[in-house]
Amino acid sequence: MTSRETAATSLPSAALAALRCSVCGEAVALTGHSLRCERGHAFDLAKQGYVNLLHAKVAAGTADTGEMVSARADFLASGFYAPLAELLAELASGELVVDAGAGTGYYLAKVLDALPGATGLALDVSAPALRRAARAHPRIGAAVWNLWEPWPVGSGVADTVLNVFAPRNAAEFHRVLRPGGTVLVASPGSGHLGELARSLDLLDIGEDKQQRLDSAFAERFELVDRQHRGGPVTLGPDDVRKVVLMGPNAHHLHRSGLGERLAGLTESVEVTTSFVVSAYRRLP
Ligand SMILES: C[S@@+](CC[C@H](N)C(=O)[O-])C[C@H]1O[C@@H](n2cnc3c(N)ncnc32)[C@H](O)[C@@H]1O
Ligand SMILES: [Zn+2]
């Protein structure tokens, strides 16, 4: 545990107030180590400080695994993606920030550092990720949930929704945001990690066509800002292994011989990072 991590044993009260029972939609309260609604549905608060609200199975391969999460935490701690975190911290505002697909909570923690009165609610389907997110900042509450299902979150409660390289459910972004609230969508820009994709024959990095993104949001949001960050970074062999192992390529190491190629790396490489953040304001 680093010095900024805290041992969370509870949920911040504003995060608890925003959560709803995932079975019936009623408000929840914390009794001992469980979250309960008035109808008696109960969910355990894990000792690591997150609550699991799932009650339906999620397809295998959806959630980031413990190994992926640990590679992600190590890679992000090296600061190579800090310019993206700084941009999100500049653009976020308000008292409740919901991070949809929060992973380890790295970006949400940076945003909360910039908003001293705000609370964060981290949603992700990966329990290993949320174990870290719950401890990434004292003002983060974390709940395991599948973003493709209706969220166990009240309507109109969030000022900002963060969505960083994660599934986008525009209808739920709209419902949980207050009128005039903003969703900040971060996606890979042109050439992001392109050198690695070519030299290691990685899966498609999935550069987003911004037009496609805009049309997915057009019905419910207006685009109010779009900013680009990034530039070249020098990655050592361990950094390259981590950035590959924190993403979907981690599932294909044996099939494609990628594991051997990664194990054989000895040199540092210069790699392009490229991030696009789009800010969409909720239409009434
Ligand atoms: C590429 S990672 C990004 C994590 C974090 N935002 C970051 O950038 O460090 C994608 C995240 O989305 C989560 N995820 C994938 N499908 C999901 C779903 N259907 N519901 C909730 N989370 C999901 C994964 O567990 C993973 O933590
Ligand atoms: Zn209930």
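Just the heavy atoms: all of them, side chains too, but no hydrogens, waters or symmetry mates, feed the values below. Start at 1 and go down the list; that is how both ligands and their atoms are numbered.
For atom 10 (C) of ligand 1, the closest heavy atom belonging to the protein is Phe165 O, 3.4 Å. The shortest contact between atom 19 (N) of ligand 1 and any protein heavy atom is with Asn146 OD1, 2.9 Å. With respect to atom 17 (C) of ligand 1, the closest heavy atom belonging to the protein is Pro167 CG, 3.5 Å. Protein heavy atom closest to atom 15 (C) of ligand 1, with residue, atom name and distance, is Thr62 O, 3.4 Å. Atom 27 (O) of ligand 1 has its closest protein heavy atom at Asp124 OD2, 2.7 Å. At the shortest separation from atom 20 (N) of ligand 1 among protein heavy atoms lies Leu147 N, 2.9 Å. If you check which protein heavy atom lies closest to atom 23 (C) of ligand 1, you get Val125 CG1, 3.5 Å. Of the protein's non-hydrogen atoms, Arg72 NH2, 3.4 Å is the one closest to atom 2 (S) of ligand 1.
Close approach of ligand 1 to Leu76 (heavy-atom distance below 4.0 Å) involves ligand atoms 9 (O). In summary, the atoms of ligand 1 found under 4.0 Å from a heavy atom of Trp148, numbered by their order in the structure, are 19 (N). For ligand 1 and Ser126, the ligand atoms under 4.0 Å from any heavy atom of the residue are 25 (O). Ligand 1 places these atoms under 4.0 Å from at least one heavy atom of Ala102: 5 (C), 6 (N). Those atoms of ligand 1 with a heavy atom of Gly101 less than 4.0 angstrom away are 4 (C), 5 (C), 6 (N). Of all atoms in ligand 1, numbered sequentially from 1 with element shown, those under 4.0 Å from a heavy atom of Trp145 are 20 (N), 21 (C). Taking every heavy atom of Ala63 and a limit of under 4.0 angstrom, the matching atoms of ligand 1 come to 25 (O).
Side-chain atoms of Arg220 never come within 3.5 Å of backbone atoms of His174 as a donor-acceptor pair (strictly under, hydrogens ignored). Using modelled atom types, no side-chain atom of Thr119 and backbone atom of Ala14 make a donor-acceptor pair closer than 3.5 Å. Looking at Thr160, its side chain does come within 3.5 Å of a backbone N or O of Ser93 through a donor-acceptor pair. Side-chain atoms of Ser34 never come within 3.5 Å of backbone atoms of Phe43 as a donor-acceptor pair (strictly under, hydrogens ignored).
Heavy atoms of Tyr81 come nearer than 4.0 angstrom to ligand 1 in no pair at all. Residue contacts with ligand 1 leave out Tyr106, since none of its heavy atoms falls under 4.0 Å from the ligand.
Nearest heavy-atom pair across Glu95 and Asp159 is N-OD2, 2.7 Å. Annotation for Glu149 and Asn169: closest pair O-ND2, 4.3 Å, computed over non-hydrogen atoms.
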task = I would like to know whether Asp238 and Arg241 meet salt bridge (Lys or Arg N to Asp or Glu O under 4.0 Å); could you show each step before the answer?
result = CA-CA 5 Å; Asp238 273 343; Arg241 284 187 268 273; 3.1 Å; yes
query = Should Met68 and Leu245 be marked as a side chain to side chain contact (heavy atoms under 4.5 Å, CB included) after you check the CA-CA gap, both sets of side-chain angles, and the distance that decides it?
reply = CA-CA 6 Å; Met68 290 164 78; Leu245 295 176; over 6 Å; no
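Polar contact check, Asp64 against ligand 1: a nitrogen or oxygen pair lies under 3.5 Å apart. In terms of polar-atom proximity, Val164 is counted as a contact of ligand 1, with an N or O under 3.5 Å from an N or O of the ligand.
Restricting His41 to its N/O/S atoms, the shortest distance to the Zn ion (ligand 2) is reached by ND1.
For Gln227, the CD atom counts as densely surrounded, since its 6.0 Å shell holds more than 12 non-hydrogen atoms of other residues, nucleotides or ligands. Annotation for His55: atom NE2 counts as buried by contact number, over 12 foreign heavy atoms lying within 6.0 Å.
There is a side-chain donor-acceptor pair under 3.5 Å between Arg226 and Tyr280.
In this structure, Tyr107 has its ring center at least 6.0 angstrom away from the ring center of Tyr81. Taking the six-membered ring where the residue is Trp, the centroids of Phe173 and Trp151 are separated by under 6.0 Å.
When SG of Cys21 and SG of Cys37 are joined through the Zn ion (ligand 2), the resulting angle is 110° to the nearest 10°.
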